[in-house]
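Since the structure comes first, as structure tokens, the remarks are kept for the end.
Sequence lines set the chain letters: A, B, ... in the order given, protein chains first and strands last, and positions in each chain run from 1.
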Amino acid sequence: MTTSSALSKQYDPSDVEPRWRRFWQENNYFHADDASPTIPYAITLPPPNVTGSLHIGHALGSTLQDILIRWKRMSGSNAMWMPGTDHASIAVHVLLEKELMRAEKKTRFDLGREEFMKRAWAWKERSGSRINEQEKLMGFSLDWERERFTMDERSNVAVTECFVRLYEEGLIYRAKRMIHWDTASQTVVSDLETDDVEEQRSLWEIAYPIEGGGEIIVATTRPETMLGDSGVAVHPDDPRYTDVIGKQVILPLTGRKIPIVGDGILAKMEFGTGAVKVTPAHDPNDYDCGQRNHLEFIQVIDLHGKMIAPAPDKYVGMTVVAARKAVVADLEAAGVLRDTKPYKMTVKRSQRSGAVIEPMALEQWWVKAAPLAEKAVAAVEAGKTKFIPEHEQKTFMHWMTNIKDWCISRQLWWGHRIPAWHCEKCETIMVARTAPSECGTCGGSVHQDEDILDTWFSSGLWPFSTLGWPEKTRALQTFYPNSVLVTGPDIIFFWVARMMMFGLHFTGKVPFKTVYLTSIVTDETGAKMSKTKGNVIDPLQILSGATLDSLLERVDAEKPLDPEAVKKALRKNFANGIPQMGADALRFALARLSTSGAGRIKLNVDRIVENRNFINKLWNATRFALGNLDGFDPERFGGAAQRELFGIGERWILSRLQAVCTAVDTALEAFAFSEAANAIYHFVYDELCDWYLELSKPHLAQVEGDPVKAALRHAVQGVLATCLETTMRLLHPFAPFVTEEIWQKLPKKPELPGSLMITVFPRADQTFVDPEAEAEMQLVQDTITRCLMLKGTYGVPPAQKVEVEIQIPNPAVRSAITPHLAAIAYRAKVTPALRSETAPMAGAARAMVGADVEIVMPLGGLVDPVKETERITKDIARADKEISSIAARLGKPDFVARSPADVVAENRTRLADEQARRERLVEALAILGGGAA
RNA sequence: GGGCGUUUAACUCAGCGGGAGAGUGAGUCCUUCACACGGACUAAGUCGGGGGUUCAAUCCCCUCAACGCCCACCA
């Protein structure tokens, strides 16, 4: 009964993953000690919004972070990964309010602030725990003891402290300005929180009669705002209008008189008629124009997007859209509508609620951004924070150097209430850490500001508020600045910029030394994943698998714009559902897809299957090893005497193992996740499984009474176990579950720790680096491959042994290959005979390995002389092409004179090899002609 | 309008100054005692177009084109 028979042929993640999740948790391996003397390495997880559950983008970012954290932890650092969630003020509002309207036909105002907050907290609990659950399923080694929430007590303290200090420093102020008003969510949103959506609208041309005769024609996309017009602007240098500037026009539908002003900033001579209506209360550019020209400020649209007085009674109460229709009809009836043209324009919509933004002038709280941004710019210029990929730094710097003040107040409820109190008698506003009992100026009673803060205000403090700031904690001292921030490029302005500004301002240090920006995960067509498109893939569906039916069911729950199209796509792309992949396969796939440069990852289930297959391959390699390791004693392995026994295969694979260790470590230092993962992938497939496992087989047979063979067997067992054990350590940051499972099963020295995740990350051992073995092995591999090619070409079943002559005139090459004939025989399933000269053979197929080795396989009647001639002729043509290209290069005096000596030497060698090879191919062709005759 | 990115085998994508690579797919063969979520072999590329720098360019520079992203503006 071997061990392997106890392991199933297919790796089953659902059996393995829960066990190790529990084991790691119970042993508290994820916790970092504030007081540890080792080098700290800290990452703060970008806190997911408590709006729902994690999507594949989170899975990507967090996987990369866990790779870094586990790698650094194993490399001896005090690695700390801070978990937490974000209250996501407006995002939660939109969800809750939609739900409230659907289920109870109520607005949040019907419900009241207190009840609404209760529901928001309940929502937060549900969503937060679902997110934690997902993070645990993915195997993320987050330091759960430290878990935080942006609206927990300690965060509230930090937010208040930050606000009060900025206010006291004059960096937070109140001002009335044009802002973006979201009529659906009933709040201000910042300029970053709007989307430009292209829509087909109309451009209307309206004639405004001029007092004393004539008319002036203005063009507009928003005729309803004319009810609030307080002027008409023309360019002061426009010859068409020089004599009307200063005159009054009579505004149709209202009869109000408004002036014609000259304003070269607002009015462009070349656009339309060159005359533009000015509505200072409802357009940002008109607002500025109004200020410049002292025009009246006439508000005709209210906060709900409905018309109000002084618009004529007829329109009052209409929505903006209804009023637009009515105004157009009335203008037409009045005979002043001159033209209606279809017009494509971009409309600003609220990113969260989707409502059309109404520009309004309202008093709000602002952060003066320029002084904060200056410090961030200086820090980045000084290289204190680096961006990867590098070009993202330009994006950051461009925004930072053109930054506008940040509107931080929101008229929402779910969030941090602004720590400001208004006197009910006088104008005094008091900003304080604790609520004042009365007005400091007049002693009147006070009430707290109703507004809350933009959700990014608390996020901006996250790297240090989570470590205890404003207190001077040990954690802050140890883990701040963080080592790296891993996040998506879509939130550079929202979040990275704010953390840089706040971090530098409040702590005097950058919040992180490196910003690694991940790719955006898209669907297989390259479209961004979004719930409205219905192309979102849930990481859990990949982890555990999903049937087509369950995927289709989800569509209805998510309510995309076009459910039938989504279902059709699902039926096409996931006809058989999604198979269970396991966390390791998903993680490894994401790491391998994370290359620099390209900003997006087109997620394709096939690419994950590829990596699930890799995990399975590893699993089966282990089954093979465990079935052949009986009698192996790890404590008896590793001495110098053992190394004496190593054959070419052992020396070669151990040398390759050192190379892969170096490659992985180097790649991770450079955040080249895919390079690191690919190095392991290719080592496991191409070297360990394809070659070493096969080469080891003949030596692993049970031997009795032959101490020499028994010692060799033990050495081979040791190499096999070493390769696997080292591979598990290398791969562990990428695929923690399967590696822990395998590692625990492998025989190893008793002094090793109880879990793979706290072993030491592999470093190359130079004493095993063996270029000679690698070169020799290459020759053996090529010889075997050529034998297999010949057998394949003539349809010889791979398992059928055939005789083969290996003709090598070069004595050095011949003696190099001699010790490996057994390996060649075993691997290629041939019976080889070595000859020191080229010799003709009737009915034989021939092939070259490099310039020195010729494989001659007598296949009798199987050999088709026509086919064989064709093949060899093709080989000669290939050689000719090589020869002429290299010869041409070497023929140029400049090449020989100006390129490095080793390049010239290498070209000379290659030329000589190709020429020798060609000679022998020509010879082979001649022999074929003779032999076949 | 400004900025950035991408363009390499049928598909998805690595590579980025000195011999064109991977996975998938295709074809041929193999149910060989780790694995068919497997193995062996084969075919398949003017490395987007044009110009330049260099002894040498898929790689650097210029230019054009297509696609994509971000920012600004839009009476």
Side-chain angles (χ1 to χ4, degrees), chain A residues 4 7 9-11 191 196 203-206 218-222 232-233 266-268 271-279 283 285-286 343-347 389 391-392 394-395 398-399 402 489-490 492-493 520 522 524 526 528 579 581 585 592-593 595-604 606-607 609-628 674-675 678 681-682 685-686 689-690 693-694 697 784-785 788-793 795-800 828-829 882 885-886 889 892-900 902-904 906-907 910 914:
Chain A
S4 73
L7 298 183
K9 273 168 115 174
Q10 283 185 9
Y11 172 68
D191 39 5
D196 290 335
L203 186 68
W204 288 278
E205 289 186 4
I206 310 164
V218 297
T220 182
T221 54
R222 295 199 63 186
V232 171
L266 186 65
K268 304 264 180 301
F271 190 96
T273 60
V276 54
K277 64 193 265 316
V278 188
T279 323
D283 182 279
N285 293 314
D286 292 9
Y343 193 73
K344 203 176 259 179
M345 63 178 289
T346 52
V347 178
H391 66 83
E392 296 287 5
K394 284 186 197 160
T395 313
H398 183 259
W399 195 70
N402 293 287
D490 49 337
I492 291 178
F493 306 143
I520 300 277
T522 69
E524 59 276 334
K528 258 191 197 171
M581 307 285 186
R592 291 187 65 211
L593 290 165
T595 52
S596 57
R600 64 178 182 185
I601 294 175
K602 283 193 226 171
L603 193 74
N604 180 325
D606 289 345
R607 295 281 324 242
V609 169
E610 174 189 324
N611 293 289
R612 179 202 58 177
N613 294 351
F614 169 75
I615 301 292
N616 195 56
K617 184 81 177 173
L618 204 61
W619 178 252
N620 277 293
T622 308
R623 287 179 64 225
F624 165 76
L626 292 177
N628 287 287
S674 72
E675 258 179 57
N678 280 326
Y681 180 92
H682 288 292
Y685 261 109
D686 304 345
C689 290
D690 285 356
L693 252 50
E694 295 302 328
K697 281 176 183 175
I784 291 167
T785 301
L788 289 173
M789 185 274 287
L790 286 179
K791 286 172 76 176
T793 304
V796 181
Q800 188 184 318
K829 299 283 184 281
E882 274 297 295
S885 120
I886 302 169
R889 197 175 304 154
K892 280 200 286 189
D894 272 347
F895 173 73
V896 181
R898 308 189 66 154
S899 48
D902 57 323
V903 173
V904 178
E906 195 202 322
N907 274 277
R910 268 174 53 206
E914 279 303 322

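Applying the side chain to side chain contact (heavy atoms under 4.5 Å, CB included) criterion to A:Glu675, with sequence neighbours excluded, gives A:Ala667, A:Ala672. Every ring pair (Phe, Tyr, Trp, His ring centres under 6.0 Å) that A:Phe493 has, sequence neighbours left out, goes to A:Trp399. The side chain to side chain contact (heavy atoms under 4.5 Å, CB included) check on A:Asn616 picks up A:Gln10, A:Tyr11, A:Trp619, A:Asn620, with sequence neighbours excluded. Taking A:Ser885 as the reference, A:Arg889 meet the side chain to side chain contact (heavy atoms under 4.5 Å, CB included) condition, with sequence neighbours excluded. The ring pair (Phe, Tyr, Trp, His ring centres under 6.0 Å) search around A:Tyr681 returns A:Phe614, A:Tyr685, not counting sequence neighbours.
Residue-environment remark: NE2 (A:His682) exceeds the threshold of 12 foreign heavy atoms within 6.0 Å.
Residue-level contact check: A:Lys277 touches neither bases nor backbone, having no heavy atom under 4.0 Å from any strand. Here A:Thr785 lies in heavy-atom contact (under 4.0 Å) with sugar-phosphate atoms only. Base contact: A:Leu693 has a heavy atom under 4.0 Å from a base atom.
Considering only side-chain atoms of A:Thr595, the nucleotide from B:C55, B:C35, B:A14 that sits closest is B:A14. For A:Asn613, the listed nucleotide lying nearest its side chain is B:G38; candidates were B:G38, B:C4, B:A34. In this structure, the nucleotide among B:G18, B:C4, B:A34 sitting nearest to the side chain of A:Phe624 is B:A34. The A:Leu788 side chain lies nearest to B:A40 when the options are B:U42, B:A40, B:G39. The side chain of A:Arg607 lies closest to B:U12 when the candidates are B:U12, B:A14, B:C55. You'll find that the side chain of A:Arg600 is closest to B:G68, out of B:C30, B:G18, B:G68. With B:C70, B:C41, B:C13 as the candidates, the nucleotide lying closest to the side chain of A:Phe493 is B:C70. Distances from the side chain of A:Pro798 to the nucleotides B:C30, B:G18, B:C55 place B:C30 closest.
Whole-Å rounding puts the A:Asn678 CG to B:G23 P distance at 10 Å.
Side-chain atoms of A:Lys394 and base atoms of B:C4 include no donor and acceptor less than 3.5 Å apart.
Residue order along RNA chain B, read from the 5' end via each residue's closest nucleotide, puts A:Asp686 first among A:Val609 and A:Asp686.
Stem analysis of RNA chain B (Watson-Crick or G-U pairs, both distances under 3.5 Å, runs of at least three) returns B:1-7 with B:65-71, B:10-13 with B:21-24, B:26-30 with B:38-42, B:48-52 with B:60-64.
Nucleotides B:C16 and B:G5 have their C1' atoms positioned 16 Å apart, rounded to a whole Å.
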